[in-house]
Amino acid sequence: MTLSNISAADDELTIYERSKPGRRAFVAPALDVPERPLDELLAPALRRERAPRLPEVSEPEIVRHYNRLSKRNFDLDTGFYPLGSCTMKHNPKLHERVAALPGHAKLHPLQRPERAQGALELMWRLQDALSEIAGLPHVSLQPSAGSHGELAGVLLTRAYHEDRGEQRTKVLTPDTAHGTNPATVTMAGYEVVKVGTDAHGNVDIEDLRAKADEDVACLMLTNPSTLGLFEPQIQEIAEIVHGVGATLYYDGANLNAIMGICRPGDMGFDIVHFNLHKSFTQPHGGGGPGAGPIAVSDRIEPFLPRPQVVRRDRHNGDGPVFALDYDRPRSIGRLRGFQGNFGVFVRSYAYIRSLGAAGLRDVSEVAVLNANYLLAKLRNTTDPPLADLLPVAFDRICMHEFVLSGAPMKRELGIRTLDLAKRLLDHGVHPPTVYFPLLVDEALLVEPTETETKETLDRFADIVAEILREAREDPEVARTAPHTTPVRRLDEAAAARRPVVRQPL
Amino acid sequence: MTLSNISAADDELTIYERSKPGRRAFVAPALDVPERPLDELLAPALRRERAPRLPEVSEPEIVRHYNRLSKRNFDLDTGFYPLGSCTMKHNPKLHERVAALPGHAKLHPLQRPERAQGALELMWRLQDALSEIAGLPHVSLQPSAGSHGELAGVLLTRAYHEDRGEQRTKVLTPDTAHGTNPATVTMAGYEVVKVGTDAHGNVDIEDLRAKADEDVACLMLTNPSTLGLFEPQIQEIAEIVHGVGATLYYDGANLNAIMGICRPGDMGFDIVHFNLHKSFTQPHGGGGPGAGPIAVSDRIEPFLPRPQVVRRDRHNGDGPVFALDYDRPRSIGRLRGFQGNFGVFVRSYAYIRSLGAAGLRDVSEVAVLNANYLLAKLRNTTDPPLADLLPVAFDRICMHEFVLSGAPMKRELGIRTLDLAKRLLDHGVHPPTVYFPLLVDEALLVEPTETETKETLDRFADIVAEILREAREDPEVARTAPHTTPVRRLDEAAAARRPVVRQPL
Amino acid sequence: MTTYTSATDADRQEMLAAIGVDSVDALFADIPESLRLTAPLELGPGLSEQEVYDELRALAARNASTEDETSFLGAGMYDHYVPSLIDSIISRSEFLTPYTPYQPEVSQGGLQAMFEYQTAICELTGLPVSNASVYEGPSAVAAAGYVAKHTNGRPKFIISRGVHPHSRETLRTHAHAWGMEVIEAPLQDGVTVLPELGDDVSAVIVQQPNFLGSVEDLEALSRAAHDAGAVAICACDPLPLSLLRSPGECGIDIAVGEGQTLGNRLDFGGPSFGFFATSQALLRRIPGRISGETRDSDGKRGFVLTLQTREQHIRREKATSNICTAQALNALAGVIYLSWLGQRGIVELTELMLQRTAYARQRLAGLDGVELLHEQPVVREFAVGLDAPVEAVMKRCLEQGINPGYALGGDYPEHANGLLIAITERRTRAEIDRLADVLGAAVAAERGRTLQEVGA
Amino acid sequence: MTTYTSATDADRQEMLAAIGVDSVDALFADIPESLRLTAPLELGPGLSEQEVYDELRALAARNASTEDETSFLGAGMYDHYVPSLIDSIISRSEFLTPYTPYQPEVSQGGLQAMFEYQTAICELTGLPVSNASVYEGPSAVAAAGYVAKHTNGRPKFIISRGVHPHSRETLRTHAHAWGMEVIEAPLQDGVTVLPELGDDVSAVIVQQPNFLGSVEDLEALSRAAHDAGAVAICACDPLPLSLLRSPGECGIDIAVGEGQTLGNRLDFGGPSFGFFATSQALLRRIPGRISGETRDSDGKRGFVLTLQTREQHIRREKATSNICTAQALNALAGVIYLSWLGQRGIVELTELMLQRTAYARQRLAGLDGVELLHEQPVVREFAVGLDAPVEAVMKRCLEQGINPGYALGGDYPEHANGLLIAITERRTRAEIDRLADVLGAAVAAERGRTLQEVGA
Ligand SMILES: Cc1ncc(COP(=O)(O)O)c(C=O)c1O
Ligand SMILES: Cc1ncc(COP(=O)(O)O)c(C=O)c1O
């Protein structure tokens, strides 16, 4: 029985393809001032001949268009999203409510500090909480995302060394590092030097020793690493790095594993960035917004970006005032406009207040428990023997995530990690991160997060097993997956070959 | 290629089936008063042994559960919804914003009038606007929905007659009337007498004359009728009804056809109800909330429900005050608690202010234009000949909706109106109202509304044609439709035979 | 002027051509000339979105909401905390915009939610059957009366004065049309005392807890009703039901109530929802929609509107009620709220209110010129009498930003200076202490004034 | 304490058993004993949802938002009306919660929206290529500088003092690390005057309209840049672009800007988004995500993240930028807003602002002690100088509930008492007249005071 589907075709129009001259949603408020000739206010020479071509659509059409588009997205409120390194934890609905309060949402960034005390105090309190979580005394909320935080961190490192009259040229990053780390190093004007990983998935200490010299400005580390493993020799690493006068940078993308359990500052890190859109539940928005605050040690503090939110106690006992401190002569300066992604701060502050110290620790405990449980569940699956087909990259207790290798599966069953990922889509599950970290062949990086139920983890393991059993019978199903999604497998190569990046009009 | 689907199975669990002892979303605020023994405050004899069994689920589970459930609904923001008699017009998003303002949403119904002046003034202005639209001087906003407004109207009729010392026993309703009309008559303690429809789809005047006697309290009419036809003899009908001292009641469900074009009051109606959730864009919510305000003539006014929102001018020139008037000795009394569905009033008031007089008239003009265009489009379709297979019940210019008969289609192609409706679901379109009005065999009542585009109407006509062509080839497809919905055709008979109306625990 | 129509002038011309008329006016030919409006309605011009927003914000700003004052108002609707997830779910267009689920295959979301809701209401009330919602509390009481009328055809309702005044008045409005008499049973020490019940009594209607906050002896009341062959109807407050013996356990035949407290905002009185639960015997007399479980053609579980032969669209004049559009979205908020509270949470929440209410009652009872109107057990609300003009006292409290509650005098002349005070989980101890201070001072001040006047 | 985890004690036991360890602590064995925290973090206990809500509401209440005052603040972010449909769309979890679309088959909604957005940005800027967003305005200027650096490797940036101070400072922060020099070009009569441009100039950076509101002669500026072989970069304000000659028409190579004005709320400065558009030649140097059209295995149109070989996750240290998470949701709001405005609407809106701004400028110029800082054409913002201490004048205005604008002295010492005033469609004539009255009076009063002091 063949089912024609006219409506589907309609689903695929762009907002531009729906446009029809004369349609409109917006109507302007009445002109209430004496109208002056346009030419008088803007000479023709300054004006464009043709208005920008924007869609002409009515409100009902806009609403339906984007409503339907939304149904072509998979999202966290729909199903399991174990995207490694991204910490796709539940986004509490309270956060949207408090972020939308007019006192937050309609507050102008240049409002005078005495008329924005609530916002400044919230930022100050968030700085305080993040400082406590990181174990480092000073925090700047300014960076807009994780990689922006990294850039801030490396620029701070540069400022620190220059302040001491040193011109260092190299920054060390492990070969397991996330792509933003080396990209940041280049952007900050340094040369990247890779450090190897040993047989246990730890930093290769000998390699580190060999490469750590007086030209090294910084070592950027993620701990737990992108392999989901805690670096047990972290103190020794810190000694080596500090021994050559370099700074130790903590990429906080994986902080969700250790909140309230241990602290980067105590490990010897000088600079830490947080991903508020990971560990602290800012919704990802399909690619942002986020925020990447940084915490630093005393020796780095003088160089923090401008302005800093500070608290000043009044001597008349009136209680403290909160201010923006621009008077920071050694600061690296601004990284962006205004005070950072305040709306994100509101959500993350609400999160920290809701959970408190015990709640945050429980987050990390359950995140790690869920990851290890799912790993065990997969390894104990015998039909098919997942321990053999999808072996864990490093056979250790993992932290909040773990890495599997699809290499044996590819050999035995003839389906690649990519095929498994695409087939997962047919089961209403978002795939883990694939082909990262680069170190592991056919890698799958699985991060369940603490907000998923045991039942969901069990179901995921069952689905993976089922897909591999299915592949044993007929690998073509996975190779040609997905089958039930709004579009089938897309040709990314073709897109890059002849880029069409805007609608031709 | 067979696609297994584990996730789908999970989709179908109820919130109770997801429950697991010990899970929770809510946490109570801290107890901040000295705790007293429960037995002291509530003797054991007063207490239930077992707490009501409610689901035990976490916030992430609740959000995902209802989010997924929502995806098993078709809705107005997703596609065309030409459900006759229901006026499924676009629901402007502004209305949700203004209804949610704390001054509205968090206003206690028993707040003292002097501290609720904004709400009372809004209600008063809405009364005023509805009065102007209906062409009747007095309005009560109290009824909660259309049928509640009908009940109010018939109770007012009773009060009116009793006040004049008359005990009337019968209420007339046309055989095309919506079910709520006769049901209301019974509920208001009257006997229903049916009036026939003539060959043109109008009220059978002779039959009306014959049945209109001194025992008749009221004639309830919908104009345009449920056939989507304007009653041209309305003035004559009013004379007949008034001639026997009865009242003329206007069922306002179809008001969307005539706003700003003509007025029930001018036609001679004594009482009108509005469906704010139809003509005035209150979203339907899957079965409410709505509101069914009534407008009445001077002779009915003394009996209006208590309390009435009134405006009182202050003599000190301070501008008017708005009050709740309970001092209405001849009132029929309350129909419900408090002041009615205020949140609905806010939305409908915003709608009237946004469109203004010209906008409202345009609504009705386009509603009627769209209906007649779609009718023409269908009738001009030759492959297959829709004019023959789905003939219009009465061959006239229609108002905002029209009735087709599926009888020939059933005869020729072997698919019923129900099958066509179910097959439409596969095309992402909501079916028209089916098997109503009862007068028309295999009826389809089609109401496009003014907020749909010509393209959508064209697509609908194409889909209907395609379904009938498909049926000509293979009627089984439609007979077994829908095929692409979350569930297939459901067995309603079985549900009624052995009713399971709650989850067994 | 805002418009939500998409018809451009070109569209209109094309459409008229297809229809075969040359103007939109021609489409209104059936309307007698004499009835056509020649002038525009007197509604003024349409406005832009921002102008309408500004106007409504200005109106809303003239209302004192529970964010603008510390409110102890209850008396039927209560200032409970509405969790954020409710808005985020019920604002989804898939729940907000569809009609009543006439096409179940594309309405499983709404229908399953109704089924879940019905289950939760059955659990709260201890009764086996619930519908999917009625309008709201007081009209639900009248609807229950209508069921009783059909059940035994007797001419009298006995309704306790402990039932919400709006419910009593609403019942009277309807009963009159049914040719039935409404007799009020008095309160003594805050609880209902039934008169002799003859065989002319159709139903006995009480409220739990009653309007003055008292917990009634439901079992005794329903036994009395049943002994007289009458239907026992109880209007109840769902949150207290988590602690109190359920209507079902107590033999109540029909339990109805106001659902606002279950995750719905105050909205100046509506929309909220009414719940309606009955014994198995009354299943086929229930008004309104009911969602029932069934199977699809593949044998998969699904839900449909069931027992529709009760309803107006099938049975017309013989229907058990005329209700059509009810309050589905508000009931959805209700079941989401109950899932959010959960089995333990609802008890914890109610116990918190119980403790704070007891504390407040004790604090206020200790004030000069304030005494309790009754000593009955209460859960979330209690009544006091003031030895001073309540109106003047309230004004003084309001000047301090405190709305002390609902003045009982209008509904209960015997309690001319009575005040009904509600303590939800929103009211902290600090706010209760402040109420005590402010109210105490206000009463003292007013007594002082009256004494002076007497003195003078 | 609130929790969003579902693991019950029973769950935890089962899971530990399956793992084969006997405690959660055992899972942290890799963490050296000496690093494990023995005491809880000093963050205090967790709170209930209602308590957190109340705390944040109390904090928010201590901010004066655009609802609490009549604000003429602009200077980079503006109080525009955000239509309701934006919230209702971007609050849908399908847009709010997904990650960057790494799995295009289940991300077509986001990817198509990006494609639509890119198209609209290309139309506004008159350039052929746009990415899917960068962080915000000032960092976009630095990002543009980075592209210029890679394009010609020259050591100097020439940036106009008409560029937003935050953008200039942000560029400096980056340029230092790149070993590059930043030279500021002065303003004369409110517009940019470029110095001699040598072959050591990597890029010339201007703003349209500039920080003082002036419309710059973009064509002349980009011609000068090109004559020197430098890259022409323009930071622009998208709404005025609906009337002004586009950067593309004027020969600009890279147009960037702050997107807040396109349907994003103020949020005390973020999150908003930055847009980034370039000439075809720079396509492969653009930072960040780009959505591109392609086909699926059935030949159906679809969208994917394309040209990823520019990006950090592929090219690592050779990437054109380190950006990963950007501002997708804010850019989505942007394209919805532009669709809402539409081709005619955006012009109508900007013309309304143009007219009201001209009116306000004239009104204020007519006040004693207030004169225009320049006579250049302006669209939505203009600058005045006060013959009185600006700080004191502002305080007086604020007492009247009017926030008169942004004091320029900090960024432009040469305009010690300068005030930058923005007039969006939110500001009515009545409010503008009120500003004139209040500002006029404040200036007069302060001049009076200073005269007295002098007199004394
Ligand atoms: C390990 C790691 N570091 C850094 C980043 C970059 O963070 P952002 O995307 O917020 O810039 C990510 C993001 O995926 C990451 O996983
Ligand atoms: C013609 C007509 N009358 C009355 C009603 C009842 O209105 P409500 O559902 O608001 O009670 C309807 C609703 O469908 C209707 O179509």
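In this text the structure is predicted, and so the values were computed from the model without any measurement. A, B, ... follow the sequence lines: proteins, then strands. Residue 1 opens every chain. Heavy atoms only: backbone and side chains are in, while hydrogens, waters and symmetry mates are out.
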Side chain, backbone, both or neither: which part of [X] has an atom under 4.5 Å from a heavy atom of chain B?
X: C:Trp340; answer: both
X: C:Arg315; answer: neither
X: C:Glu293; answer: both
X: C:Thr428; answer: both
X: C:Leu85; answer: side chain
X: C:Glu249; answer: side chain
X: C:Leu241; answer: both
X: C:Phe95; answer: both
X: C:Glu351; answer: side chain
X: C:Tyr99; answer: both

Interchain contact, [X] with chain C, by part (heavy-atom threshold 4.5 Å):
X: B:Leu355; value: both
X: B:Arg23; value: backbone
X: B:Lys422; value: side chain
X: B:Val366; value: side chain
X: B:Asn275; value: neither
X: B:His178; value: both
X: B:Arg158; value: side chain
X: B:Asn380; value: side chain
X: B:Pro486; value: both
X: B:Leu101; value: side chain
X: B:Ala99; value: both
X: B:Leu229; value: neither
X: B:Asn91; value: side chain
X: B:Pro29; value: both

For this session: Could you tell me if the ring centre of B:His148 sits under 6.0 Å from that of C:Tyr135?
Result: yes

Problem set entry | B:Phe338 ring center within less than 6.0 Å of C:His166 ring center | yes

For this session: Report the C-alpha separation of B:Arg115 and C:Leu398 in whole Å, then their side-chain angles, then the decisive distance to 0.1 Å, and conclude whether the side chain to side chain contact (heavy atoms under 4.5 Å, CB included) test is met.
Result: CA-CA 10 Å; B:Arg115 298 171 68 81; C:Leu398 286 164; 3.6 Å; yes

Heavy-atom pairs under 4.5 Å with chain B, option from [options] with the top count:
options: C:Leu73, C:Asp11, C:Val129; answer: C:Leu73
options: C:Thr100, C:Leu329, C:Thr170; answer: C:Thr170
options: C:Ser339, C:Pro377, C:Gly292; answer: C:Ser339
options: C:Leu338, C:Thr66, C:Leu96, C:Ile290; answer: C:Leu96
options: C:Val304, C:Ile89, C:Leu35, C:Asp298; answer: C:Leu35
options: C:Gly46, C:Ala26, C:Gly179, C:Pro271; answer: C:Pro271

pair [X]-[Y]: side-chain heavy atoms closer than 4.5 Å:
X: C:Leu354; Y: B:Arg36; result: no
X: B:His104; Y: C:Asn63; result: yes
X: B:Pro52; Y: C:Gln343; result: no
X: C:Pro98; Y: B:Tyr81; result: yes
X: B:Lys106; Y: C:Arg265; result: no
X: C:Tyr53; Y: B:Arg97; result: yes

Rounded to the nearest 0.5 Å, what's the gap from [atom1] on [X] to [atom2] on [Y]? Could you check?
X: B:Thr180; Y: C:Glu311; atom1: OG1; atom2: CD; result: 12.0 Å
X: C:Asp79; Y: B:His108; atom1: CG; atom2: NE2; result: 8.0 Å
X: B:Leu38; Y: C:Gln355; atom1: CG; atom2: CD; result: 7.5 Å

Hey, does the side chain of [X] reach the backbone of [Y] with a donor-acceptor pair shorter than 3.5 angstrom?
X: B:Glu132; Y: C:Glu42; result: yes
X: C:Glu105; Y: B:Leu490; result: yes
X: C:Glu317; Y: B:Pro182; result: no

Among [options], which residue forms the greatest number of heavy-atom pairs with chain C at distances under 4.5 Å?
options: B:Arg489, B:Glu492, B:Glu450; answer: B:Arg489
options: B:Gly146, B:Gly359, B:Ala119, B:Ala28; answer: B:Ala119
options: B:Pro283, B:Ala43, B:Ala51; answer: B:Pro283
options: B:Leu76, B:Leu46, B:Leu151; answer: B:Leu46

Exercise. Applying the salt bridge (charged side-chain N to carboxylate O under 4.0 Å, His left out) test to B:Glu12, which of C:Arg295, C:Arg301, C:Lys300 qualifies?
Worked result: C:Lys300

Exercise. What class does the angle between the rings of C:Tyr4 and B:His90 fall in, given that below 30° is parallel, 30 to 60° is tilted and above 60° is perpendicular?
Worked result: tilted

For this session: Describe, in one word, how the ring planes of B:Phe342 and C:Phe268 are oriented to each other, choosing from parallel (under 30°), tilted (30 to 60°) and perpendicular (over 60°).
Result: perpendicular

For this session: Assess the side chains of C:Thr97 and B:Asp75: does a donor N or O sit below 3.5 Å from an acceptor N or O?
Result: yes

Exercise. Between the side chains of C:Arg92 and B:Asn67, is a donor N or O closer than 3.5 angstrom to an acceptor N or O?
Worked result: yes

Problem set entry | C:Arg429: partners by side chain to side chain contact (heavy atoms under 4.5 Å, CB included), with sequence neighbours left out | B:Asp32, B:Val33, B:Pro34, C:Tyr359, C:Asp433

Exercise. Yes or no on side chain to side chain donor-acceptor pair (under 3.5 Å) for C:Asn403 and B:Gln111, after CA distance, side-chain angles and deciding distance?
Worked result: CA-CA 9 Å; C:Asn403 191 325; B:Gln111 177 57 287; 3.2 Å; yes

For this session: Identify, with sequence neighbours excluded, every residue that meets ring-ring contact (aromatic ring centres under 6.0 Å, His included) alongside B:Tyr66.
Result: none

